[in-house]
Amino acid sequence: MLDMTKPSARPANPRFSSGPCAKLPGFSLDMLADAPLGRSHRSAVGKAKLAEAIALTREVLEIPADYRIGIVPASDTGAMEMALWSLLGPRKVEMLAWESFGEGWVTDVVKQLKIEAEVRKAPYGQIVDFAQVDFDNDVVFTWNGTTSGVRLPSADVIPADRAGLTICDATSSAFAMEMDWSKLDVVTFSWQKVLGGEGAHGVLILSPRAVERLETYTPAWPLPKIFRMTKGGKLIEGIFKGETINTPSMLCVEDYIVALKWAKALGGQKALAARAEANAAVLREFCAANDWIANLAEDPATESTTSVCLKFTDPAIRDGAAFAKAVAKRLEAEGVALDAGAYRDAPAGLRIWCGSTVEAADVAALTPWIEWAYRTELSAQG
């Protein structure tokens, strides 16, 4: 008979959502007491807070001094749209996609901007063959597929002497995965992911090569005000010093600063990456010990350490999609894993956020519950 006894231990924090993600350990609203609420973001204190957020971002991520960092509207989506609409056009374009958000950038470039791009796709669980990519073209890709749990293992496949720009959506990899800045010209992310910040704000990072493109190229299409980064052929430097394009939430900015200070005290980028790796390792070992569940990533080298996607492999399961949803529902009903179901466009399964704000002990406490929910649901299907 199947053992369907409920585990005794529970995760202290059951929040495993892949965005917005878990707050930093020990978080409380009292930490945001220094937020300049009711003050203009253009006031001295407002500008100082935004400048502090940019400076801490540079320090924690070890971003080169000559790269620009801007806080922009509309989360990672807004940051990526600004880059695509402002930079693409003068060179051939290659679009790389291995999950739903990468697919979204393909749609924007091919159908909205109507650029004839070379589109390279890989199914969920795989990434594209980078050996086929011509980096003399502009190349757009996601570092980590948030909805597929598959990542680029390293930047080694990107040549240092490339002629084109590399435009990288790093929203679920920034802070949790080592990225070689010399190989990246545009990087975007939202702090709601790895640092567990509040949503709606994006970060746009530009290399000197990307700035040169902005100052020497004018797109053939009109740019909405919210996308404009140049004036009179020169970069609007204020955007990258805290003079945001539109009004930011100073409460959210304060929340980001608190998370950045936590990350800095922890040991910065390397310490954050180590925490994510330790979390993902718990699930890796769990899958290795059980033949009814597996990582969606087919190549272990590409397994995400943040948005870990799992699939049920038991041939006794009759309806994979219904089964996975039922398991996720059981986990949520027990209060041990909130928002842990697979993304709606992804293959059926679970998606467990293992980013740097998650504790490995909570991931370990979750695994017996996954087994309990699996066995309980398997028994219920008769």
Side-chain angles (χ1 to χ4, degrees), residues 11 16-19 21-22 96-102 121-130 141-154 171-173 176-178 193-194 273-317 320-321 323-328 331 336-337 339-356 358-375 377-378:
F16 294 102
S17 163
S18 290
C21 302
L96 315 183
W98 50 81
E99 49 94 54
S100 59
F101 291 103
K121 297 183 181 182
Y124 279 84
Q126 303 175 21
I127 64 170
V128 301
D129 181 2
F130 272 76
F141 64 101
T142 54
W143 188 284
N144 180 81
T146 310
T147 65
S148 67
V150 178
R151 67 168 176 171
L152 181 66
S154 77
T171 199
S172 57
S173 56
M177 301 175 192
E178 297 281 351
K193 295 287 187 180
V194 176
R275 282 179 63 90
E277 171 57 37
N279 294 336
V282 174
L283 292 179
R284 191 178 304 124
E285 293 168 8
F286 176 64
C287 290
N290 295 279
D291 61 3
W292 47 267
I293 194 166
N295 199 297
L296 184 60
E298 296 179 10
D299 179 355
T302 68
E303 290 180 4
S304 173
T305 54
T306 55
S307 55
V308 179
C309 295
L310 306 176
K311 59 183 178 181
F312 294 103
T313 58
D314 191 335
I317 296 171
F323 186 91
K325 287 180 180 178
V327 168
L331 295 173
V336 295
D339 309 314
Y343 188 72
R344 61 180 180 268
D345 295 333
L350 300 176
R351 180 171 58 154
I352 312 298
W353 183 257
C354 289
S356 308
V358 173
E359 300 280 21
D362 285 335
V363 184
L366 171 62
T367 55
W369 284 96
I370 295 176
E371 182 169 6
W372 167 82
Y374 151 74
R375 297 195 182 282
E377 190 56 34
L378 194 64

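- Rounding to the nearest 0.5 Å gives a distance of 11.5 Å between CZ of Arg351 and CG of Leu310.
- With values rounded to the nearest 0.5 angstrom, Lys121 atom NZ is found 14.5 Å from Gln126 atom CD.
- Taking the six-membered ring where tryptophan is involved, the planes of Trp369 and Trp372 are perpendicular, since the angle between them exceeds 60° and thus also 30°.
- Between Phe101 and Tyr343, the two ring planes are tilted [angle within 30° to 60°].
- In the model, Asp314 has a side-chain atom that pairs as donor or acceptor with a side-chain atom of Tyr374 under 3.5 Å.
- When side chains are defined from C-beta on, Phe130 counts as touching Leu152, because their heavy atoms get closer than 4.5 Å.
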Would you please test Phe286 and Asn295 for side-chain contact (heavy atoms from CB on, under 4.5 Å) and show each step? CA-CA 10 Å; Phe286 176 64; Asn295 199 297; over 6 Å; no

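- Looking at every heavy atom in both residues, Trp292 comes nearest to Arg375 through NE1-NH2, 3.9 Å.
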Test side-chain contact (heavy atoms from CB on, under 4.5 Å) on Asp362 and Leu366; report intermediate values, then the result. CA-CA 6 Å; Asp362 285 335; Leu366 171 62; over 6 Å; no

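- A 4.5 Å side-chain heavy-atom check between Trp353 and Ser18 finds at least one atom pair inside the cut-off.
- Nearest heavy atoms, Tyr124 versus Ser148: CD2-CB, 3.5 Å.
- To the nearest 0.5 Å, atoms CG (Asn279) and CD1 (Ile352) are separated by 11.5 Å.
- For the residue pair Ser172 and Met177, the shortest heavy atom distance occurs at O-CE, 3.9 Å.
- Remark: Arg151 pairs with no residue by the salt bridge (charged side-chain N to carboxylate O under 4.0 Å, His left out) rule, at least two apart or across chains.
- Residues Thr146 and Cys309 approach most closely at O-SG, 4.4 Å, considering heavy atoms.
- Ile317 and Phe312 make their closest contact through CD1-CB, 3.6 Å (heavy atoms, listed as atom of the first residue, atom of the second, distance).
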